[in-house]
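Everything on this sheet refers to the single structure shown next.
Just so you know, these numbers use all the heavy atoms, side chains as well, and skip hydrogens, waters and symmetry mates.
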Amino acid sequence: MASKAISNCIVSHVSTLSWKNKVVLWKFHLCSSAKDELSAFSHYRSLGLLFKRCTLLLPTKDRLKFMSSRLSQVTCFTLDQCTSTSGCLGFACYGTLLQTLIAGWDELECHRVFNFLCEITNLTRKIETAVTSKPGSSPHLEQQIRCFCRSVLLDPWQSRQDSLFWLTCILKPWPMVSQARLLFILYGPLQSDGKVGWQEVCGGAVAQCRLWDLAKAITLLYGKADAKEWTTDTVLGIVDEMAVLPAPWYLENMARLLILCGNNICYSVLASRAINGRLFDISQLFVFIILVSEKDGYCMSWSVKMMQQLCNVFPGASDKWLFLQSMENMLSEVSMEMYELIMSGNRNENQETFQNLCSLLNACAHFHTEILYMFLKQS
């Protein structure tokens, strides 16, 4: 479609109301099967390709305006207007169309895309409201930001580099504490009603499948810690800020998140606390890393190797001994706390605590068995 005359003819056709009603509007709330969803995505991928070809001769800003003007009547493509955010395919289809339209564009053009979207959706102001308010005080707004950013900007891309680019665009303008809040809004676990689960990470154990998206996002940022946008200290700072939002996390959840993030991030978080003299914190957290390793079926030798790595952070033998002593004392203390909690109430009411105590005792046995085995191999 390099011919200007042909492009103008197509542009005129796709600008008609009858064409919009026939091609652009879609019943996003009625896609009840996987087949319907695939059909919708295929349709909007084709539409994105059509927009890409018929605007080939236009400047970037005009191409974006062309797309926006043709889609502005679709309420499911607009923040605040869709009546069923959680069950709607609108943003996902919008993301598919946008990805097709801008595929192959350079970073400068993609920055213009992001700025344009922020302008027409008022996204920056909405994010500011969400990250400066009390966590969970604006649940509908948090849902909107999550659905729009995930479905339109983040999830459509297969390449980690592309995903990192858009995540950086979203996070970078904000201070670290706001980055932590925004990352949790985008990738944190959800409640059954679709709201962001701020209190769930503080009040009790969260399954690993519900922390997996958050762990992948942190790993994505950490994987480029050598880049100027995301240094190791910045990513670790975001993790530390997140660990106290909206209150200090239930330690089992933090341990589970670090394990899901992988060896490098887990070690970096623990080593950073060790260097800063937070012996109590790392001892307490490491006990729960051992517990999660037992409960989630990870090889206990991994925990032993992590302990060895941490010992090397401490400069002298006396410091290493203090760390090991602190960790063993913490194992006893956490076990006694669980036992006292069980004895203070009805066992049926404390079934989860009872199971946790059993898991911790098993974890201690397996952990110390691995340590003994390691020494026997060396002798």
Side-chain angles (χ1 to χ4, degrees), residues 11 13-52 54-55 63-103 110 113-127 129-130 138-158 163 166-167 169-170 182 185-187 190-196 213:
V11 166
H13 176 65
V14 300
S15 301
T16 61
L17 184 60
S18 60
W19 185 88
K20 287 183 184 178
N21 291 336
K22 182 179 179 181
V23 179
V24 176
L25 299 182
W26 198 273
K27 297 177 180 178
F28 297 108
H29 299 176
L30 299 178
C31 297
S32 56
S33 67
K35 184 178 180 181
D36 291 337
E37 291 183 11
L38 289 173
S39 177
F41 293 145
S42 177
H43 175 81
Y44 278 91
R45 192 173 294 110
S46 299
L47 197 57
L49 191 58
L50 175 64
F51 285 1
K52 186 183 187 76
C54 70
T55 61
R63 299 179 82 175
L64 295 172
K65 286 181 178 178
F66 174 86
M67 177 196 72
S68 178
S69 65
R70 272 67 187 174
L71 304 178
S72 59
Q73 293 179 341
V74 185
T75 57
C76 293
F77 288 170
T78 310
L79 282 167
D80 295 329
Q81 294 191 23
C82 181
T83 58
S84 178
T85 306
S86 58
C88 177
L89 276 184
F91 286 153
C93 289
Y94 191 10
T96 299
L97 186 151
L98 182 67
Q99 181 202 28
T100 306
L101 174 67
I102 68 175
C110 289
V113 172
F114 181 74
N115 292 334
F116 180 81
L117 289 174
C118 287
E119 183 181 333
I120 64 173
T121 61
N122 205 16
L123 181 63
T124 303
R125 178 61 62 84
K126 293 177 188 298
I127 289 176
T129 301
S138 304
H140 182 62
L141 178 61
E142 291 174 352
Q143 280 180 287
Q144 285 186 324
I145 292 170
R146 181 186 179 108
C147 287
F148 181 83
C149 292
R150 289 282 299 267
S151 299
V152 176
L153 297 173
L154 297 167
D155 292 351
W157 302 97
Q158 300 298 318
S163 298
W166 293 107
L167 185 57
C169 285
I170 295 168
L182 186 51
I185 288 171
L186 295 176
Y187 291 103
L190 296 176
Q191 299 174 183
S192 57
D193 58 3
K195 296 176 183 177
V196 178
D213 282 353

Legend entry - Plane angle bin for Y94 and F77 - parallel if under 30°, tilted between 30 and 60°, otherwise perpendicular: parallel
Legend entry - Contacts of S68 that satisfy side-chain contact (heavy atoms from CB on, under 4.5 Å) - sequence neighbours left out: F116, I120
Inset, instruction - Begin from the C-alpha positions of L38 and K35 and carry the test side chain to side chain contact (heavy atoms under 4.5 Å, CB included) through to its verdict. - result: CA-CA 5 Å; L38 289 173; K35 184 178 180 181; 5.9 Å; no
Legend entry - Close side-chain approach of R150 and Y187, heavy atoms under 4.5 Å: yes
Inset, instruction - State whether the side chain of T55 and the backbone N or O of F51 hold a donor-acceptor pair below 3.5 Å, judged by distance alone. - result: yes
Legend entry - Flag side-chain contact, heavy atom, 4.5 Å: C149 against L123: yes
Inset, instruction - With the side chain counted from C-beta on, respond yes when I170 and L186 share a heavy-atom pair under 4.5 Å apart, and no when they do not. - result: yes
Inset, instruction - Can you see which heavy atom on T96 is nearest to which on T100, and at what distance? - result: O-OG1, 2.8 Å
Legend entry - Minimum side-chain heavy-atom gap Q143-I185 below 4.5 Å: no
Legend entry - Check: E142 main-chain N/O paired with K126 side-chain donor or acceptor under 3.5 Å: no
Legend entry - side-chain contact (heavy atoms from CB on, under 4.5 Å) partners for T124, two or more places apart: C118, W174
Inset, instruction - Report the residues that fulfil side-chain hydrogen bond (donor to acceptor under 3.5 Å, both in side chains) with R45, sequence neighbours left out, ordered by chain and then residue number. - result: none
Legend entry - Sub-4.5 Å side-chain heavy-atom contact between L117 and L153: yes
Inset, instruction - With the side chain counted from C-beta on, respond yes when I145 and I127 share a heavy-atom pair under 4.5 Å apart, and no when they do not. - result: yes
Inset, instruction - Please test L89 against F41 for side chain to side chain contact (heavy atoms under 4.5 Å, CB included), starting from the C-alpha separation and ending with a verdict. - result: CA-CA 9 Å; L89 276 184; F41 293 145; 3.9 Å; yes
Legend entry - Spatial distance of atom CD (Q158) from atom OG (S163) [nearest 0.5 Å]: 8.0 Å
Legend entry - Distance (rounded to the nearest 0.5 Å) between K195 NZ and S138 OG: 11.0 Å
Inset, instruction - Report yes if some heavy atom in the side chain of L71 is under 4.5 Å from a heavy atom in the side chain of F66; otherwise report no. - result: no
Inset, instruction - Examine distances only and state if a side-chain atom of Q99 and a backbone atom of P156 form a donor-acceptor pair shorter than 3.5 Å. - result: yes
Legend entry - Test side chain to side chain contact (heavy atoms under 4.5 Å, CB included) applied to R63 and I102, step by step: CA-CA 10 Å; R63 299 179 82 175; I102 68 175; over 6 Å; no
Inset, instruction - Over 60° means perpendicular and under 30° means parallel, so classify the ring planes of W166 and F114, tilted if in between. - result: tilted
Inset, instruction - Using a 4.5 Å cut-off on heavy atoms from C-beta on, say whether the side chain of L97 contacts that of M67. - result: yes
Legend entry - S151 side-chain N/O to C147 backbone N/O, donor-acceptor pair under 3.5 Å: yes
Inset, instruction - To the nearest 0.5 angstrom, please state how far the CG atom of L50 sits from the CZ atom of R70. - result: 10.5 Å
Inset, instruction - Please lay out, stage by stage, how L64 and V113 fare under the test side chain to side chain contact (heavy atoms under 4.5 Å, CB included). - result: CA-CA 7 Å; L64 295 172; V113 172; 4.0 Å; yes
